[in-house]
Every structure is written in C-alpha cells, then in structure tokens.
Protein chains: 2
Amino acid sequence: MEIKVSAADTRAQIVEAADRLFYERGFEATTFGDIASATGLSRGNFYYHFRTKDEILDAVIALRLVNTSAMLASWERASPRPADRIRSFLEILIVNRTKIMGHGCPVGTLCTELSKLDHSAAMASTGLFTLFRDWLKLQFVALGRADEADALAMHALMRSQGVATLATAFKDEAFIRREVADLKAWLGAQAPKSS
Amino acid sequence: MEIKVSAADTRAQIVEAADRLFYERGFEATTFGDIASATGLSRGNFYYHFRTKDEILDAVIALRLVNTSAMLASWERASPRPADRIRSFLEILIVNRTKIMGHGCPVGTLCTELSKLDHSAAMASTGLFTLFRDWLKLQFVALGRADEADALAMHALMRSQGVATLATAFKDEAFIRREVADLKAWLGAQAPKSS
DNA sequence: GTCTATACCTCGATAGAC
DNA sequence: GTCTATCGAGGTATAGAC
C-alpha cells in the first residue's frame with residue numbers, strides 16, 4: 001500500500017501553517033504569501049482547497065477545537081484527581097511561556113481580533129474558550145463545588161488570560177511563574193468546604 | 001481675540017479619531033480612509049501633519065499617555081485613601097463595560113497587536129501599562145505593603161486584563177460585575193497585616 | 001493648510017495551462 | 001491537483017493645484 005499524498009494532506013498542511021501564522025502574526029496580518037512561503041505551495045493552489053481566506057479561518061478554528069479537545073482528554077487520562085487536572089491547565093502558562101510572551105494566548109488574541117473586526121467567525125472562536133470553560137467546570141464539580149463551578153471555571157480562565165496579556169507586554173517570565181504559583185494556591189483553597 | 005483653527009487643531013483631530021479607531025478596529029485594520037471619514041478631512045492632508053501611519057500611532061500612544069496620567073491624577077484628587085484610589089481603577093471595568101465587551105482593553109489589545117506585528121512601537125505601548133503599574137504600586141506602598149507593592153500592582157493589572165479579554169469573548173456583563181466584586185474583596189484583604 | 005489626482009504596491013481572488 | 005499569470009480592489013504615500 002503506497003503512501004498517498006492526497007488533497008487532504010495538502011489541505012491539512014495549509015491549515016496547520018495558517019494555524020501557526022494566525023497565532024504568531026494575527027489573522028488579518030497573515031497573507032496568502034506568508035502561507036505559501038511556509039508550506040512551499042503556490043498562492044493559486046489555495047483556491048482549490050478553499051474559496052476564501054475566511055474559509056481557511058473556519059478550518060483553523062475547527063482544527064483548534066479538535067486539538068484542544070484532545071489536550072483536555074489527555075489531561076483527564078493523565079490525572080484521575082480534578083485538582084491535578086486543573087493544575088495541568090495552569091501549567092500551560094509555563095510550558096508555553098516563550099510563545100505566550102511573543103504572541104499572547106492563541107485563543108484570547110484570536111477572539112479579541114475577530115471581535116474588533118466584527119468578523120462572522122467571532123462566535124466560533126469563542127467556542128474555543130467554551131471548551132476550556134466547560135471542562136474546567138466539570139473539574140470543579142468533581143471537586144465538590146457544583147454550585148460555583150462555572151464561576152470558578154471563568155475565574156481560572158480569566159486569570160490565565162490576564163497572565164498571558166501582561167506576559168506579552170512585559171516579557172517577564174518570573175511574573176508568569178509567580179502568578180501560576182498564586183493560582184495553584186488559590187486552587188488549593190477551593191477544596192470542598194466540609195470533607 | 002479670534003478663534004484660530006490652526007494646524008495644531010487639525011492634527012489633534014486626526015490623533016483623536018485615530019485613537020478611537022485604533023481601539024475599535026485595531027491599528028492595522030484602520031485605514032486612512034477610515035480616519036478621513038471620521039474627521040471629514042482628506043487622505044492627502046494627513047501627510048502634511050504626519051509622514052507615515054506609524055507616526056500617527058506614535059502620536060496616539062503619546063496622547064494616551066497624557067490622558068492616562070490625567071485620569072490617574074484625577075483619581076488621586078478624588079480620594080485621599082489608597083484603597084479608594086485602587087477601587088477607582090477597578091471601577092473602570094464597569095464604567096467602560098460596553099466598550100470593553102466590544103473591543104477589549106485599549107491598552108492590552110494594542111500591546112498584543114503590536115507585539116504580534118513585531119512593531120517598533122510595541123515597547124512604547126507597554127509604557128501605558130507601566131503608567132498603571134507604577135501608580136498602583138504607589139497606592140499599595142501607601143497601603144503599607146511596600147515589599148509586595150509591585151507584585152500586587154501587577155496582580156491587579158493582570159486580573160483587569162483577564163476580565164477584559166473574557167468580557168470581549170463572552171459579552172457577559174454579570175461576569176464583569178462578579179469579578180470586580182471579587183477584586184474588591186481581594187483588595188480588602190490586602191490591608192496592612194498588623195495595624 | 002487642505003485639497004484632488006495619482007503613483008505604486010500588495011492583497012485576495014480568478015483564469016487557464018499543465 | 002498544482003502551477004503561472006493576471007485581474008481588480010484597496011492600501012499607503014506622493015505631487016502639485018489652490
């Protein structure tokens with residue numbers, strides 16, 4: 001059975017390059033020329049796989065939804081305890097610190113850019129946040145905080161976003177580590193009240 | 001003494017329109033045509049006052065530095081107590097909630113965009129954050145928390161940024177109010193340990 | 001100082017050869 | 001399925017009349 005370099009492979013190659021470039025430079029600032037250079041494909045070829053640049057954006061968001069879901073699932077497999085799973089979430093600020101100091105959070109910056117552009121895909125990009133929000137909520141429910149689970153999920157998400165934004169502005173790794181430690185302390189204080 | 005509509009007035013008009021549009025649509029997405037429509041001036045006229053679009057950005061950042069300093073000074077005049085002054089800072093999330101839900105924080109979104117563009121004015125835009133940071137630090141020093149003042153200032157700034165980003169994504173006013181209340185509770189717990 | 005006209009470039013998108 | 005060539009729109013920036 002021979003290896004088949006099909007249209008699907010080329011399409012995936014385009015989407016993966018666009019995923020990275022939309023993150024690093026922003027959606028609008030990324031040109032077809034940028035994607036062509038990154039993939040080694042010609043500009044014209046993109047239109048065999050997508051009708052417009054917006055369709056590439058849709059595909060990038062769909063890819064991120066899949067990748068994010070897989071990441072959340074891997075955190076669940078890695079840790080049976082909800083507090084450890086939430087710590088996996090908090091750790092990405094440190095794991096991805098270099099990229100974050102350069103380009104912010106991929107989710108937050110995309111949502112903000114699309115909101116400013118009044119882009120039709122703005123709601124779809126918010127779905128990436130919803131993925132994290134719902135998953136965190138489940139962990140807080142498992143922690144015994146069912147009543148406040150959504151507010152706690154939003155709070156954790158909010159602080160991760162704030163850290164990412166200031167880390168991008170100040171390029172301060174020590175700040176990231178300090179705030180992640182603070183978040184872990186906060187998480188530790190969220191254990192069930194009576195147990 | 002007659003009213004003199006000088007070049008300085010026209011220049012200020014351009015910068016004020018650019019200030020608003022750079023916030024609402026982003027720096028790159030704002031065109032000279034947008035600024036022309038907003039001011040009623042012609043595109044060509046901009047080049048009498050500025051050599052490039054980047055020079056308009058420099059002027060916008062300079063204007064924001066002045067306006068921000070004035071706002072911080074007004075908060076100092078309004079409240080003698082540092083905790084009340086910090087509360088003035090936290091309140092802007094609620095006062096500006098509509099704009100924030102539409103376009104995020106003017107400072108955070110500009111810093112992030114310029115960072116992604118590798119723009120030479122990125123550092124200058126971070127200066128806007130530094131203004132808040134240093135002012136908040138002074139208030140925490142006055143609160144009797146000299147040792148941790150900068151970390152507390154960054155923490156307050158960080159949470160305001162996180163709230164702005166999620167508010168933009170989810171357009172949730174109740175979330176903003178809840179997190180501001182939470183921030184005020186946090187601030188209340190920052191009173192001097194022994195007094 | 002402000003305007004109109006336009007140069008020049010780059011972008012997204014299209015047409016058609018291979 | 002991928003390429004080259006090119007179009008039309010819209011961007012920044014310039015030239016020169018007023």
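First the proteins, then the strands, lettered A, B, ... as listed; each starts at 1.
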Partners meeting side chain to side chain donor-acceptor pair (under 3.5 Å) with A/D84 (sequence neighbours left out):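 Here the qualifying residues are A/R87.
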Side chain to side chain donor-acceptor pair (under 3.5 Å) partners for B/R43, two or more places apart: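 Partners of B/R43 under the side chain to side chain donor-acceptor pair (under 3.5 Å) test: none.
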Below 4.0 Å: OP1/OP2 of D/dT2 and any side-chain N or O of A/T10: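 Yes.
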A/T39: partners by side-chain contact (heavy atoms from CB on, under 4.5 Å), with sequence neighbours left out: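 Testing A/T39 for side-chain contact (heavy atoms from CB on, under 4.5 Å), a comparison that skips the adjacent residues, returns A/Q13, A/A17, A/I35, A/L41, A/F46.
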How many whole angstroms separate atom [atom1] of [X] from atom [atom2] of [N]?
| X | N | atom1 | atom2 | result |
| --- | --- | --- | --- | --- |
| A/Q13 | D/dG1 | CD | P | 15 Å |
| A/H49 | C/dG12 | NE2 | P | 17 Å |
| A/L57 | C/dG12 | CG | C1' | 15 Å |
| A/F50 | D/dT2 | CZ | C1' | 15 Å |

Does [X] have any ring-ring contact (aromatic ring centres under 6.0 Å, His included) partners at least two apart in sequence or in another chain, and if so, which?
| X | answer |
| --- | --- |
| B/H119 | B/F27 |
| A/Y48 | none |
| B/Y23 | B/H103 |

Check: residues 89-102 of chain A side-chain donor-acceptor pairs under 3.5 Å, at least two apart:
{"residue": "A/E91", "atom": "OE2", "partner": "A/K184", "partner atom": "NZ", "Å": "2.3"}
{"residue": "A/R97", "atom": "NE", "partner": "A/E173", "partner atom": "OE2", "Å": "2.9"}
{"residue": "A/R97", "atom": "NH1", "partner": "A/I94", "partner atom": "O", "Å": "2.9"}

Nearest to side-chain heavy atoms of B/Y48, which nucleotide of C/dG1, D/dT2, C/dC3: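 Nearest to the side chain of B/Y48 among the choices is C/dG1.
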Please tabulate, one pair per line, each protein N/O and nucleotide N/O from nucleotides 11-18 of chain D that are separated by under 3.5 Å, including the distance.
{"residue": "D/dT12", "atom": "OP1", "partner": "B/K53", "partner atom": "NZ", "Å": "3.3"}
{"residue": "D/dT12", "atom": "OP2", "partner": "B/F32", "partner atom": "N", "Å": "2.9"}
{"residue": "D/dA13", "atom": "OP2", "partner": "B/Y47", "partner atom": "OH", "Å": "3.3"}
{"residue": "D/dA13", "atom": "OP2", "partner": "B/K53", "partner atom": "N", "Å": "2.9"}

Reference residue A/R64; test side-chain contact (heavy atoms from CB on, under 4.5 Å); the match among A/V60, A/N67, A/I61: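 Among the candidates, only A/V60 passes.
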DNA chain D contacts made by residues 110-123 of chain A, counting heavy atoms under 4.0 Å: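 Within this stretch, nothing sits under 4.0 Å of the strand.
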